[in-house]
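All values below come from the heavy atoms of this structure, side chains included, with hydrogens, waters and symmetry mates left out.
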Amino acid sequence: MSVAEKRSLNDYLGQPYNVIIKPIHDEAGSYYAARVLEFDGCIATGESFEEAHEAIYEVLEGFIEDMMENDEEIPEPVGDDHFSGNLRVRMPKSLHRNLSQAAKLEGVSLNQYIINKLSK
């Protein structure tokens, strides 16, 4: 990427990165942990959801700044366009047989049966 094509820090921070925030209850107490899916190790915590949300963007900013300074490739946000909807799964013949039989008993295709089971 040439200098003219490089994005600014604000351009990256404006991208729709996938932020995951969940409540944690462990020996340290109750708090919220946040992470950014696209950046390994980009993690922050807060006593409230809002604190964790604010903190993760501060950590993300530091991550991107460091990557820019080191001329590292900055990941693009993962969106639906990264997924085709197709998945090839290898399984034992016995499991394939059992799933096929269960689908037949339900009166649906094997594909539909598996989608139904995975979505529960």
Side-chain angles (χ1 to χ4, degrees):
M1 184 179 290
S2 72
V3 174
E5 294 174 328
K6 283 194 175 185
R7 292 195 233 170
S8 72
L9 174 62
N10 285 334
D11 289 337
Y12 285 111
L13 291 173
Q15 293 293 308
Y17 288 109
N18 293 280
V19 175
I20 300 162
I21 303 175
K22 63 181 189 174
I24 304 293
H25 307 285
D26 62 17
E27 62 279 350
S30 294
Y31 57 96
Y32 287 82
R35 68 184 184 94
V36 180
L37 179 66
E38 293 84 356
F39 294 83
D40 286 339
C42 187
I43 301 167
T45 61
E47 290 185 25
S48 68
F49 181 94
E50 292 78 15
E51 284 181 17
H53 187 264
E54 185 176 319
I56 195 62
Y57 281 98
E58 290 175 15
V59 173
L60 177 60
E61 183 173 347
F63 260 71
I64 293 172
E65 284 176 336
D66 287 347
M67 293 176 85
M68 290 175 81
E69 287 174 10
N70 294 315
D71 289 325
E72 295 178 43
E73 186 174 337
I74 298 170
E76 292 294 322
V78 174
D80 287 344
D81 56 331
H82 286 73
F83 304 99
S84 68
N86 293 316
L87 175 66
R88 183 176 178 125
V89 179
R90 297 202 181 275
M91 66 183 81
K93 289 179 182 180
S94 60
L95 177 58
H96 191 179
R97 181 190 68 241
N98 292 344
L99 289 170
S100 294
Q101 290 172 345
K104 190 168 200 133
L105 287 172
E106 293 288 325
V108 296
S109 69
L110 176 58
N111 192 57
Q112 189 60 47
Y113 183 79
I114 292 171
I115 289 170
N116 184 24
K117 289 297 182 184
L118 289 173
S119 65
K120 290 185 178 182

Is there a continuous path of hydrophobic side-chain contacts, each under 4.5 Å between heavy atoms, that joins I43 to Y57? no
Can you measure from OG (S100) to CD1 (I114) and round to the nearest 0.5 angstrom? 7.5 Å
Given the rule that I, L, V, M, F, W and Y join up when any side-chain heavy atoms are under 4.5 Å apart, are I115 and M91 in one cluster? no
Looking only at atom types and distance, does a side-chain atom of E38 sit under 3.5 Å from a main-chain N or O of V78, one as donor and one as acceptor? yes
Within the supplied structure, the quantity of interest is the number of heavy atoms (other residues, nucleotides, ligands) at a distance under 6.0 Å from E65 CD; does it exceed 12? yes
side-chain contact (heavy atoms from CB on, under 4.5 Å) between Y12 and L60, intermediate numbers included: CA-CA 10 Å; Y12 285 111; L60 177 60; over 6 Å; no
Minimum heavy-atom distance A52-A34, with the two atoms named: O-CB, 3.8 Å
Backbone of P75 reached by a side-chain donor or acceptor of Y17 within 3.5 Å: yes
Identify the heavy atoms of A103 and S109 that sit nearest to each other, and give their distance. CB-O, 3.8 Å
Spatial distance of atom CD1 (I56) from atom CZ (F63) [nearest 0.5 Å]: 8.0 Å
Report whether V59 and F49 are members of the same hydrophobic cluster (ILVMFWY, side-chain heavy atoms less than 4.5 Å apart, transitive linking). yes
side-chain contact (heavy atoms from CB on, under 4.5 Å) partners of K117, counting only residues at least two apart: Y113, K120
So CD1 of I74 and CZ of R7: to nearest 0.5 Å the spacing works out to 8.0 Å
Nearest heavy-atom pair of P16 and P77: which atoms, and what distance? O-CB, 3.4 Å
Treating Ile, Leu, Val, Met, Phe, Trp and Tyr as nodes and any side-chain heavy-atom pair under 4.5 angstrom as an edge, say whether I20 and Y31 lie in one connected cluster. no
Nearest heavy atoms of T45 and A55, plus distance in Å: O-CB, 3.9 Å
What's the separation between atom CD in E61 and atom CG in N10, rounded to the nearest 0.5 Å? 7.5 Å
Which value, rounded to the nearest 0.5 Å, describes the distance between R90 atom CZ and L95 atom CG? 14.0 Å
Should L105 and L99 be counted in the same cluster of Ile, Leu, Val, Met, Phe, Trp and Tyr side chains packed under 4.5 Å apart? no
Taking atom CD as the centre, does E47 end up with more than 12 heavy-atom neighbours from other residues, nucleotides or ligands that are less than 6.0 angstrom away? no
Taken to the nearest 0.5 Å, the spacing of E51 CD from I21 CD1 works out to 11.5 Å
Taking everything shown except D26 itself, do over 12 heavy atoms lie less than 6.0 Å from its CG? yes
